[in-house]
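All ligand and atom numbering here is 1-based and tracks the order in the structure. All values below come from the heavy atoms of this structure, side chains included, with hydrogens, waters and symmetry mates left out. Along the sequence shown, the residues carry numbers beginning at 1.
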Amino acid sequence: MDFDLEWTPEQIEFQAEVRGWLANHVPKLKDHADPAALTADEYALQRKLGRELGAKGWLYPAMPSEYGGGGLDLGMSMIIEEELDLYHLATPPYYDTGGRLGSASIMVWGTDEQKQYFLPKILRGEIRTWQLLSEPESGSDLASVATSAVRDGDDYLINGTKIYVGSNHGAEYSWMIVKTDPNGDRHKNLSWFMMPMGLPGITVEPMDLLLVGGERGAASGVKNTVYFDNVRIPASHLIGGENNGWEVAGTHLEIEHGLLRSAVRSDEMLDRVMNYARTTTRRGLPLTDDPDVQDSLVDFYINSQVTRLLHFRNFAYRAQGKQLTYEGSQAYLHQKRSALSKARSILEVMGPRALVSDPEWAAENGHIEVHQRASIVEQHPGGTAEIQRVIIARRLGIGREKREQPGQLPSAENQGN
Ligand SMILES: Cc1cc2nc3c(=O)[nH]c(=O)nc-3n(C[C@H](O)[C@H](O)[C@H](O)COP(=O)(O)OP(=O)(O)OC[C@H]3O[C@@H](n4cnc5c(N)ncnc54)[C@H](O)[C@@H]3O)c2cc1C
């Protein structure tokens with residue numbers, strides 16, 4: 001079966017336009033293996049590119065144009081993604097959870113006024129947002145969050161701690177779920193806020209972790225603990241109504257659990273490993289002549305393609321408005337599992353060189369060593385592999401009488417992911 005796409009003459013014309021525009025606008029950035037090394041100046045250049053893409057509607061091309069998206073169809077959106085991919089970038093070209101995740105919740109649950117207020121800022125790249133869900137005692141069991149919001153006149157007062165969140169270089173906004181009814185039933189006691197990060201009482205402290213890498217433009221680099229000490233936020237920033245936060249979170253969690261990746265990303269690491277194997281000799285012969293190396297590279301390639309095609313399927317289904325249930329978690333589970341298998345294949349091909357960061361020895365400019373660590377880290381964000389299995393079982397109706405229903409997504413023409 002051939003999964004390659006053939007573009008129409010109109011699409012080829014658009015592709016040329018995008019390619020020409022990107023050639024004049026994508027800044028030349030250093031090829032950092034570790035996203036934590038991104039400097040403030042480089043981050044500023046990424047944000048500038050984001051705003052320029054946003055002004056053209058190309059930052060979130062499939063989002064509705066009335067809210068600052070491009071209003072483009074699936075094909076045009078994929079062309080933009082493919083062209084950015086050639087620069088090892090994606091939309092957005094920096095870590096921002098607002099455009100694909102938070103905006104979906106606002107689209108489904110926000111009032112008209114809230115949509116007009118928040119969405120254009122996000123979709124045009126004027127602000128970037130973090131997602132603040134996890135807490136010291138609340139990870140997989142997200143419904144158990146303890147950070148509290150207490151109504152006080154026209155405001156709420158927020159107190160609590162979020163961990164493993166955000167990135168380096170700060171954010172203008174975050175969204176978060178908090179407990180608004182300490183005595184309420186589970187899932188009916190939470191609320192969802194858009195939080196301006198400059199409010200008094202918010203402290204952001206970078207976490208001293210081994211590594212939090214990720215993929216290219218979307219990589220976060222650093223994670224933080226964020227403390228809220230009597231933070232006063234206007235009630236107008238509550239989205240979806242008081243004690244309805246679990247439903248609101250269901251929208252972006254649905255996307256994060258496997259519907260997030262665009263379909264077109266190539267596997268940069270596959271190219272790097274292939275390059276290494278072709279250009280490195282052992283006992284006078286290229287590594288690619290060794291049957292064991294060939295085996296490992298084929299395993300790597302298959303894992304990479306299966307992940308890509310599962311995401312591709314989900315991307316296309318969503319564009320057609322098809323109801324998805326377990327498919328997102330299925331793709332995400334495969335992505336997480338295959339990250340470990342691919343790391344094993346790399347180790348088989350390269351041996352200890354895959355694990356050294358010393359510039360004199362590190363292969364592919366340090367990217368391989370960072371990838372090996374990131375493959376372990378990847379098991380956690382967005383729900384662990386075990387949690388994806390739990391979701392798949394519930395959605396298939398395994399061990400329960402009724403199948404679990406997915407969170408509510410924006411309509412097919414408004415989803416833009
Ligand atoms: C790199 C990285 C980025 C992150 N980014 C963010 C972010 O931007 N925002 C944010 O809010 N959070 C973020 N997180 C936190 C992430 O969402 C949590 O780490 C994750 O949900 C797991 O929670 P936990 O670490 O508390 O582990 P726990 O929930 O304590 O789980 C511990 C172990 O128990 C297993 N387990 C738990 N429950 C079950 C169950 N029901 N069935 C089977 N096994 C189970 C888990 O799979 C895991 O192996 C990030 C984490 C990492 C590592």
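Between Thr384, Val390, Val145, Leu132, it is Thr384 that holds the heavy atom closest to atom 46 (C) of ligand 1. Looking at Gln388, Arg389, Glu386, it is Glu386 that brings a heavy atom closest to atom 44 (N) of ligand 1.
Under 4.0 Å from ligand 1, the heavy atoms of Tyr95 that appear belong solely to its side chain. Here Ile387 has side-chain heavy atoms under 4.0 Å from ligand 1, and that is the only part of it that gets that close.
Looking at ligand 1, you'll find an N or O of Ser140 within less than 3.5 Å of one of its N or O atoms. Taking distance alone, with nitrogen or oxygen atoms compared against 3.5 Å, Leu133 approaches ligand 1 more closely than that limit. Polar contact with ligand 1: present for His380 (N/O pair, distance under 3.5 Å).
In this structure, NE2 on His257 lies 14.5 Å from CG on Leu324, to the nearest 0.5 angstrom.
Evaluation of the side chain to side chain donor-acceptor pair (under 3.5 Å) rule for Glu327 yields no partner, not counting sequence neighbours. With sequence neighbours left out, Tyr173 forms a ring-ring contact (aromatic ring centres under 6.0 Å, His included) with Phe118.
Near Val377, meaning under 4.0 Å from one of its heavy atoms, ligand 1 places the atoms 1 (C).
Between His252 and Trp192, the ring centre distance stays below 6.0 Å.
Of the possible polar contacts, one joining the Gln114 side chain to the Leu238 backbone as a donor-acceptor pair under 3.5 Å is found. Between the side chain of Asp267 and the backbone N or O of Leu270 there is at least one donor-acceptor pair closer than 3.5 Å.
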